[in-house]
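Atom set for the values below is all heavy atoms of this structure, side chains included, hydrogens, waters and symmetry mates excluded.
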Amino acid sequence: MRFKYLLFAPIVYFSVNSTKASNKPRPNILCITCEDISPRLGCYGDRVAVTPNLDKFAKKAIRYTGMYTTVGVSSPSRAALITGMYPTAIGANYMRNFTKPEAMPEGIPPYQVVLPNGVKCYTEYLRAAGYYCTNNVKTDYQFESPVTAWDECNNKAHWRNRPNGMPFFSIFNLTVTHESQIWKRTHQSLAVNPSDIVIPPYFPDDTVIRHDMAVMYSMIAEMDKQFKKLIDELKEAGEYDNTIIIWYSDNGGPLPREKRAIYETGTNVPFMVSFPDGYRAGDVDDNLYMFPDIPATILSLAGINPPEYMQGKAFLGEYTVKEKRQYVYGARDRMDEQINKQGAVRDRNFRYVKNYTKGISNYRPNVFRLQMPMMRRMVELLQRDSLGLEQMRWFAGPCADEEFYDLRNDPYELHNLIADPRYQDDIVRLRKEHERWVEQECPRWLDTELENMEKMWPNGKQPILVRPTYEKTSKGIVLKSEDEGVSFAYQVNGYGIDRKKNHWFLFSKPITVQKGDRLTFFSVRAGMRESEMVNVIF
């Protein structure tokens, strides 16, 4: 559908979208993310972890124990983290749709998620409010990062590059804890003694398993050092006392039965926030939160009222929502070349799981994961019939149609209580909540991936945005497009901010130009091909 007039005009035009920005001074916000770790840190009670810097940070921060992603893998999680939406609601729950053809189901080409009309990368709201936004460097959003999302998005992006006096929002992604590093770093020195590690009951107590877990803990120790360097940069620049610092993992642990899972091991992540004034320093918050809440919360911390379309709700800042979550949700689809559709809902005590793919086990022979020595070792032990009952459960199939776990008494989710009469009231309650979530908040999730792709890329072809136009008004130049849901990037005389040639402004208010100025602009929408570039000399 085409329409005649304008689109995304954050802040200045936000009366159209019922989104308001505060006039209060805006704090700097620094997000430091890592990959693939469950709460295996000293400050979370892990006695093996070597994390002195994060443990020190926890004493000055709010430490959250109930933060969840929807699934234990990066791309869908990061789609939630950039939009404030459930990935199941925006067609972004497949790992990954924007990938190599050999990892896609037969007949489905690689494609990018096209965000629903009006849904933006939340950093556009920050940019429009006057923030300098940088990302270093991973995106993995299920679509190419729009040029309008960031002032800088590369391996040199840094808050130091902002103009003087401009508040910053910066993300640094620490990748040393990624699953792949377990086999890539297998011969490096260890930060922990393998014999000291407490083996979860879903793993056999084996030298290969202990070694890989020691590698994992060593990666976490290295990440802890990298975290300190980023904090030290703030202090050296005199910005530490002006900056809210947020640290978290993009999904749960990297090990088998952890990464890619919708159980506790894959979805529960460490999350901490510190404030310059010491607000709630050292507090532990055990309420339930989800990744879609994080963008809403960051906007709230910046004094920006989150847009109404966001499914996440702010839990800190000026626009904090008082009502607490009763439930968090999980959903799994295709993981690279393996398909296993599952849905889940968890309250403070129980988890309910529905298995939509019939006749298979929970274990899927993912080619990428089979590079991990402990994964190959577990398969070897399975073939030799040498796994214990608790380790066999992941491999046993077919899965029950439904699963139900008492997390208070079974934190590793090893005992399915779906048929236990003592729990029937809670089973019915959580089953209905899962059905409500799918029907009301994620109705398109029950589509097949082919149907999902066709809605966004008809006939497997990426939609192309039309050439935008402009209008002269008494307040300046206003950019327009016949396409819905677009943002506009522009430069004046070939430059962006601070006369940078590689920087593009985000259109958020009428543009002031002088006689002889050259205005260059184009329209952008996540998942679609950028429009033709327009040059106008005034």
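- The two residues Ala191 and Ala221 make their nearest non-hydrogen contact at CB-CB, 3.9 Å.
- Salt bridge annotation for Arg436-Glu441: present, with a cationic side-chain nitrogen under 4.0 angstrom from a carboxylate oxygen.
- When all heavy atoms of Tyr319 and Asn305 are compared, the pair lying nearest together is CE1-N, 3.3 Å.
- The pair Glu179-Lys259 counts as a salt bridge, with a side-chain nitrogen and a carboxylate oxygen less than 4.0 angstrom apart.
- Salt bridge present: Glu35 and Lys138 bring a charged side-chain N and a carboxylate O closer than 4.0 Å.
- A cation-pi geometry, defined here as NZ or CZ lying under 6.0 Å from the six-membered ring centre and within 45° of its normal, holds between Arg63 and Tyr44.
- The residues Asp336 and Arg96 are annotated as not salt-bridged, no charged nitrogen and carboxylate oxygen being separated by less than 4.0 angstrom.
- The one candidate from Asn251, Thr139, Asp250, Thr83 that meets the side chain to side chain contact (heavy atoms under 4.5 Å, CB included) condition with Arg78 is Asp250.
- With a 4.5 Å cut-off on side-chain heavy atoms, Tyr405 and Tyr423 do not count as touching.
- Here the side chains of Ser274 and Ile244 are not in contact, with every heavy-atom distance at 4.5 Å or above.
- Taking the charged nitrogens against the carboxylate oxygens, Glu435 and Lys432 have no contact shorter than 4.0 Å, which rules out a salt bridge.
- Counting heavy-atom neighbours within 6.0 Å of Glu451 CD, excluding the residue itself, gives a total above 12.
- Under the 4.5 Å side-chain criterion, counting only non-hydrogen atoms from C-beta, Asn97 is not in contact with Met453.
- Considering Tyr329, Tyr352, Tyr327 as possible partners of Trp437, the one that fulfils the ring-ring contact (aromatic ring centres under 6.0 Å, His included) test is Tyr329.
- Residues Arg351 and Asp406 are not paired through a salt bridge, judged by the lack of any N-O separation under 4.0 Å between the basic side chain and the carboxylate.
- Contact check on Arg377 versus Asp206 returns a salt bridge, with a Lys/Arg side-chain nitrogen under 4.0 Å from an Asp/Glu carboxylate oxygen.
- In plain terms, the two heavy atoms of Ile339 and Ile360 that are nearest each other are O-CD1, 3.8 Å.
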